[in-house]
Student: 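Have a look at the structure that comes next, please.
As the structure is a computational prediction, the values presented were derived from the model and not from experiment. In listed order, ligands and their atoms are each counted from 1. Basis for what follows: all heavy atoms, side chains included, without hydrogens, waters or symmetry-related copies.
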Amino acid sequence: MPANVPGIHHVTCVTGDVQKNVDFYVGVLGLRFIKKTVNFDVPDTYHIYFGDYLGTPGSAMTFFGWPHLPWRPAGSGQVTVVSFAVPSRSMDFWSKRLSGLGVEASRATRFGVDALVLNDFDSIQIELVGEASDERWKPWPDGPVDPQHAIRSFYSVTLCEESDLATIAFLTDSMGFRKVGSDGNRTRFATGAGGPSSVVDVLDAPEAPVGEEAVGTVHHVAWRASNDAHQLDWREVLVKSGRNVTPVIERKYFRSIYFREPGGVLFEIATDQPGFTVDEPAEDLGSSLQLPPQYEGRRENLKFNLPPIVVPTTAARGAGH
Ligand code: ZN
């Protein structure tokens, strides 16, 4: 088996309102708006990205702006919770910040670690988990949240399954994840070095509705490949294990393969290279519409269909201090 995937690369979800989405992820959670582009398969719709200063792999939360889709509750065969890592000392800061901004949040404990549970504008469930690493994090000094409290990366994703057996077997036998805990119907696994951004929880939830592709749901989770060779090695292993895996697809900011785990959740493995500075310098990330070469000729036409996005100014650092 190749070296384990080191952790989460990005998580992609579906929003029904791009502006309210930007207001939430920048204005409330304090992530940086790092890329404004289109869905490479549906180019008259937005694909927008948030992350740390550079969108370091493991920090990139991304959205397809698909207002034409209905809203549906998340369900089995989907990622139902996206958890972010914040410093343990920052839980009170976040609790105050969220209530100050009118965002409801409840406290939870997951395997002994404190978390705040909340919903984004589209009712996607988010957690802020009080355990973080600064190792790969690139702070955004001008962000609305003081870097001492800012989100560092993802912490985990939670997969909801009608039955967890096949998924657990796949994660451990085929993808090299190791079990690190269980609590009721929740089983926790880690990959790579473990810890924040390497964790996946699997929920055995036979009563959950079957998830559909809709506004308010997570579309897929991408795991990191260290480089192209690592990705190809994983592709071979996955094909051998019976997964139906796409060829490598050029996504401009990374290269990707896609497949479904046995419970139906769409997985991607994306390369760490080349990253989000491939088409605009770090200081300008997210400031203008970026298109892949195949759509450059349609720029004016595409722009006509894409509503303007106003990124909140960063003067709102006051809340929660
Ligand atoms: Zn993706």
Student: Any carboxylate oxygen within less than 4.0 angstrom of a Lys/Arg side-chain nitrogen, looking at Arg32 and Asp142?
Tutor: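 A salt bridge is absent here (no side-chain N lies under 4.0 Å from a carboxylate O).
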
Student: Within 2.8 Å of the Zn ion (ligand 1), is there any N, O or S atom belonging to His220?
Tutor: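 Yes, within the cut-off.
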
Student: Can you tell me the N, O or S atom of His10 that's nearest the Zn ion (ligand 1)?
Tutor: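 The atom in question is NE2.
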
Student: Is the Phe50-Phe33 ring centre distance short of 6.0 angstrom?
Tutor: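 Yes, the ring centres sit under 6.0 Å apart.
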
Student: With respect to the Zn ion (ligand 1), what is the nearest N, O or S atom of Glu268?
Tutor: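 The atom in question is OE1.
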
Student: Please determine whether a side-chain nitrogen of the Lys or Arg among Glu280 and Lys35 lies less than 4.0 Å from a carboxylate oxygen of the Asp or Glu.
Tutor: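 The answer is yes: the pair qualifies as a salt bridge.
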
Student: Going by an N to O cut-off under 4.0 Å, is there a salt bridge joining Asp272 and Arg224?
Tutor: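 A salt bridge links Asp272 with Arg224.
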
